[in-house]
Amino acid sequence: MAMKLHEYQAKQVFADAGIPTPASELASDVDGAVAAAEEIGYPVAIKAQVQVGGRGKAGGIKLVEDEDEAREAADEILGMDLKGYHVDRVLVEEAVDFTNELYVGITMDRGEGKPVAMVSTKGGVNIEEVAEEDPDAIAREHIDPAFGMHPYQARKAVYDAGVDQSIARDVSSVLTTLYQLWDDRDGSDAEINPLMVTSDDEVIAADAVMNIDEDALFRQPELAEMEEEAAGGDELEQKADEYDFDYVRLDGNVGIIGNGAGLVMTTLDLVDHYGGEPANFLDVGGGAKAERIANALDMVFSDDNVDSVVFNIFGGITRGDEVARGINEALEQFDEIPKPVVVRLAGTNWEEGMEILNEDLVTVEQTLEDAVQRAVEYAGEVNE
Amino acid sequence: MAMKLHEYQAKQVFADAGIPTPASELASDVDGAVAAAEEIGYPVAIKAQVQVGGRGKAGGIKLVEDEDEAREAADEILGMDLKGYHVDRVLVEEAVDFTNELYVGITMDRGEGKPVAMVSTKGGVNIEEVAEEDPDAIAREHIDPAFGMHPYQARKAVYDAGVDQSIARDVSSVLTTLYQLWDDRDGSDAEINPLMVTSDDEVIAADAVMNIDEDALFRQPELAEMEEEAAGGDELEQKADEYDFDYVRLDGNVGIIGNGAGLVMTTLDLVDHYGGEPANFLDVGGGAKAERIANALDMVFSDDNVDSVVFNIFGGITRGDEVARGINEALEQFDEIPKPVVVRLAGTNWEEGMEILNEDLVTVEQTLEDAVQRAVEYAGEVNE
Amino acid sequence: MSVLVDDDTRVVVQGITGGEGKFHAQQMMEYGTNVVAGAVPGKGGQEVEGVPVYDTVHEAVEEENADTSVIFVPPAFAGDAVFESLDADLDLAVAITEGIPTQDMARVNKRLSETDTRLIGPNCPGLITPGEAKLGILPGNIFAEGNVGLVSRSGTLTYQVVDSLTNRGIGQTTAIGIGGDPIIGTDFVDALELFEDDPDTDAIVMCGEIGGEDEEEAAAFIDDYVDTPVAGFIAGRTAPPGKRMGHAGAIVSGSGTGTAESKINALNDAGVPVGDTPEEVADHIEEFLA
Amino acid sequence: MSVLVDDDTRVVVQGITGGEGKFHAQQMMEYGTNVVAGAVPGKGGQEVEGVPVYDTVHEAVEEENADTSVIFVPPAFAGDAVFESLDADLDLAVAITEGIPTQDMARVNKRLSETDTRLIGPNCPGLITPGEAKLGILPGNIFAEGNVGLVSRSGTLTYQVVDSLTNRGIGQTTAIGIGGDPIIGTDFVDALELFEDDPDTDAIVMCGEIGGEDEEEAAAFIDDYVDTPVAGFIAGRTAPPGKRMGHAGAIVSGSGTGTAESKINALNDAGVPVGDTPEEVADHIEEFLA
């Protein structure tokens, strides 16, 4: 999983490494945004700081020419709901006069098991679309992770992409720095889109994406601090962060809890197979103890869309008795169980778990298929 | 070729990287040395800062217990001539109470074409002798230069050497840092001998060797500055440094100048073969212009031991006409040529060179063998 | 018979003095695995459950002729532990550890191409040859000796499928959990090749999931090289595009590849039936063996 | 015939727009070498002496089918230039540059083990097949077509020996200067193997010098595998122990190996006569060919 930096954070990281970025300032209220715009000098762009793609099209980025426009734009953007994300900060940024927009990026090519550097002269648009419609427009250079990126590789990617010779050296240098950052900071993706080219052949990073490998945050204390600030998403996702669950919210009404991503996904698929609609993906991971199980139930109960819950645990390192204890704990606090819970336990200590489980509080099923069918049935009953 | 840091410089570099080193201070006069000793607290070691091995045996290191001893030792060491090197600075250093002496080092194994980390519990003595007499007493771990040293490799070398478990972690950590330094600073050799072990299981670098690849000094500006300070050797070697010649002073009286190490060594060998004794090795390198040739003659003339000079140039990128011009320039300034010069030119533009050469000033020979024989003859005549 | 592991396998457990390492070393030995050594820096000379501990894997190899390692080392140090095992001339290294930084694994991946040691994992449950030996954390009691080879990217899903098989009296030659990380050692193709070459494996189960293109590559490989019948399962059919679900591998990028549909189609095209449920996978295997 | 280079060799000159690169590209072409391209980042589209310049070596390969590069790039950038040539699927790369940092070469050395491209040098004069082509900075006029293969660690010493041969009417198949740096691509053993396999090479000259153990290894190789008669020369007999002389390679450590004596003994033991002077080497070759 990747931790996404906000644009303003990524730009700071890039600027610190020597990549040219526009002058900018973060603001969390309208007056602050206007003051920042005055300081930077018009025209400026006012950009919503939320972790969603396509901010521009959704109205989250406005170019303004004077104070009135700035005030209006800041007022509009601050507080808006952008694809489900609340905007509470904007980046006020020098508007760059550009003649051309490039794309440069580094990511891990999982098929090859090695990093890949990418350059395209078709920047400024959705690069995934370019990749699909005109794959040759993106030059790709795989990097040997033991050696790192050789300077000739940066040049090769840049020349292969057809970047003009007048800026080739600068773009190579940005790409080299970007790889260095990606490597030093345990990046999963590092992108500049667009890398703007000005009329006097300067390049400048007009947007910045930096996603960090969460598994490596332990050795990136500076970035881990940024994560606090970057944390966003809706209430449930924030709760999942807090509880440290792999959680994805979906549109249905059958809540799903299980151990192991593959098994949880399979449970989702079975809910669908039996005519239900999954409300979420929630993986408690390996070796979950009672408290963690209780937290998982708390999470799913907090989702108003959920009408029934299926608990599917196949014990390996996770022990059935611990799971049962957690379920009991979570449910015993209620006078009335808020949503019906179906439990299926298998694997390590499942018999002990069955004995511990308070069958007054939950419905027990022996097989995955039966458990899912029962939960779908419950959810349907509620909906009727 | 390697640039050798002084002990005090290497210790600074090591200490900055986090390797424990004893408290120490540099002094260039007796009062300074005594003041430093007072500040550090007795006992202290007073150590001559010159670039020669076996300083201790030669009287260049003294352990002192009080001010009188410190004054006496500093007075004795400062100004002494240590194997041909004038001592003008001493390092005054905290005397470490040790129970054990280890050796750790990193160098390039040219046979394998990769770095090698070495650890031995037989530290404190000449490690070359250990290598010869008891090679198994040195654990060796080759490093893949693309990956760098993995932590397990440091541990493996340390455990293979039989380092005690109580200090294994600290020694591994010193070795890891040493490799990092060697790698970051373009080291050719980085050594700590001895790495002292104290009675409470601390390790401390009691001596420090750091030799830098001269070809990489361009990207090590900090170390290049240290080189200025580190420059030492006798007057002629300093002159060679200034002129940027590969120069080695020898004991004989036939001065030798040529282009290309192999050819110059062959000229030395021929001098010996024909009964003479080489006074030096001097390689002007490839593509030398007239001025450089004149400098080479100046160098060899400055050596009082030289009685005759043989100039052997086989032109490839070096051009015979430039060589001839340089020889003329150098010799035309003298009323009387100080030492007879024999010249042999071959290869690129040798005919033009022959035409330019002023045969009143030099003796010209057509073959290497004849030139060497003639120079040996001249040197013999002078000696009679 | 079996692939990769049997009762001759001589195992060194890296991280045997840690909580998980100790517990599972014990479990492995109880199952019958020949655990000959532990390796933990700084703990050389100790014993865990009667097993001698060495400071380095190399020593474990020299002193106890270990040929396989199972790695229970915390993620920050696990990359280094894998390197150590690759450098010790082992036949097999099994990395159980979850959460190894991806860049560490990219470097491991590079080294893998230079050595003869096979890596399974990381972030995997390990592998088991029922009745002989298990390497890793799989619950031994659900497995049974038999003639079905199983390879899976997911741990608990593997158990689910194995359970369905065993309940029907269908045992396994060897079951391999290859792990769900973006960069892994042994992949589907490698495992399929092993099973295809194993005379005792009469049918193969392959459990994949959304994300990446390993299943598509496996399908092409099956089409070209595998005669043993294969039944497939793909988890994540209902996962919405663009969402990551647990495994770093399990993301659907939104474009045409990596989706459940593309994987199922590829497998079907290679003649591999894909079950809608784990039970349906067992149905297919039952038919193959009938 | 010849080894490594002939008039079919298609050469790209890396650094062709620099002073040395330009001069020697010209010299090479005058000698008859087929220089098809230059490669200098930022200079793509220019021409030097009628030769098209590309920004990358890859382009030179794609556009002009270059199969060999000669590298005249300043030491700070030469390591990268070598990597680029190794990555461009060339048959041969010749690095003339002197003063490449040793650690850069250690990394190059690692990459060499992963590619099929052969490297000559660095810090070498290059190689020449008289009458056909030369790659590098050797003065073409002292060479003559013939049947003696020559390999040497030193540039000007090579010229000296070649001169002695040519003056006696003895020509060369190919002469290779492998360079005097501590870490080089092609070494004595590689070159001896090429000459041994070349039907037109009837005798071999091998010029070594003090330092390292390459000559000792070459002697062992000759003993085991080389039937073609070899005459040797070792520079540095009178070098005092512990002193470095020019080449990073030319140091006598003071211990038993790397000295002129150990090299001469090793060669003699392998049946290789070692001349006291360059003329004596020519004497031996003359005898071999008589």
Side-chain angles (χ1 to χ4, degrees), chain B residues 18 100 102 104 106 109 112-121 135-180 183-184 195 197 200-203, chain C residues 12 14-15 17 37-47 52-64 66 69 71-90 93 95 97 100-101 103-115 117 119:
Chain B
N100 235 319
L102 310 176
V104 298
I106 313 282
D109 181 340
E112 295 282 325
K114 54 176 72 160
V116 60
M118 294 171 293
V119 178
S120 177
T121 55
D136 290 345
I138 304 175
R140 291 171 180 80
E141 183 75 16
H142 281 98
I143 311 299
D144 183 326
F147 287 100
M149 183 158 74
H150 300 285
Y152 85 84
Q153 294 188 291
R155 297 195 303 263
K156 182 164 178 287
V158 165
Y159 285 115
D160 282 355
V163 170
D164 198 78
Q165 215 158 55
S166 58
I167 50 164
R169 182 189 294 251
D170 286 349
V171 179
S172 303
S173 151
V174 167
L175 189 62
T176 301
T177 308
L178 200 63
Y179 180 82
Q180 207 51 60
D183 189 49
D184 291 346
L195 179 68
V197 183
D200 42 354
D201 285 344
E202 312 242 307
V203 298
Chain C
V12 51
Q14 291 180 255
T17 54
V40 183
K43 309 278 178 169
Q46 299 186 6
E47 283 203 353
V53 180
Y54 296 91
D55 290 306
T56 67
V57 175
H58 288 79
E59 280 175 279
V61 170
E62 270 162 38
E63 301 295 328
E64 308 294 345
S69 87
I71 299 167
F72 294 98
V73 170
F77 311 104
D80 188 51
V82 175
F83 269 106
E84 182 172 4
S85 69
L86 297 185
D87 193 29
D89 258 346
L90 298 170
T97 311
I100 302 182
Q103 294 195 4
D104 292 2
M105 279 310 301
R107 281 181 279 268
V108 164
N109 187 51
K110 157 82 175 172
R111 175 71 99 208
L112 272 175
S113 68
E114 304 170 338
T115 67
T117 303
L119 174 69

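A note on names: the letters A, B, ... follow the listed sequences, proteins ahead of strands, and every chain is numbered from 1.
Heavy-atom neighbours of B/Arg169 CZ from other residues, nucleotides or ligands within 6.0 Å: at or below the threshold of 12. Heavy-atom contacts from other residues, nucleotides or ligands closer than 6.0 Å to CZ of C/Phe77 number 12 or fewer. Summarising the local packing, CG of C/Asp89 is surrounded by 12 or fewer heavy atoms from other residues, nucleotides or ligands at distances under 6.0 Å.
Proximity to chain C is absent for every atom of B/Asp160, based on heavy atoms less than 4.5 angstrom apart. Of the two parts of C/Glu114, only the side chain, counted from C-beta on, holds a non-hydrogen atom closer than 4.5 Å to a non-hydrogen atom of chain B.
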Show your reasoning for whether salt bridge (charged side-chain N to carboxylate O under 4.0 Å, His left out) applies to B/Lys156 and C/Asp87. CA-CA 11 Å; B/Lys156 182 164 178 287; C/Asp87 193 29; 5.5 Å; no
Hey, mind stepping through C/Asp55 and B/Gln165 against side chain to side chain donor-acceptor pair (under 3.5 Å) and telling me if it holds? CA-CA 9 Å; C/Asp55 290 306; B/Gln165 215 158 55; 2.7 Å; yes
Would you check, one step at a time, whether the test side chain to side chain contact (heavy atoms under 4.5 Å, CB included) holds for C/Arg107 with B/His150? CA-CA 11 Å; C/Arg107 281 181 279 268; B/His150 300 285; over 6 Å; no
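For the pair C/Gln14 and B/Tyr152, the minimum side-chain heavy-atom distance is 4.5 Å or more.
Rounded to the nearest 0.5 Å, atoms CD (B/Gln153) and OG1 (C/Thr56) are 12.0 Å apart.
Contact check on B/Arg155 versus C/Glu84 returns a salt bridge, with a Lys/Arg side-chain nitrogen under 4.0 Å from an Asp/Glu carboxylate oxygen.
Between C/Phe83 and B/Phe147, the distance separating the two ring centers is shorter than 6.0 angstrom.
Without hydrogens or angle criteria, B/Tyr159 side chain to C/Gly42 main chain gives a donor-acceptor distance under 3.5 Å.
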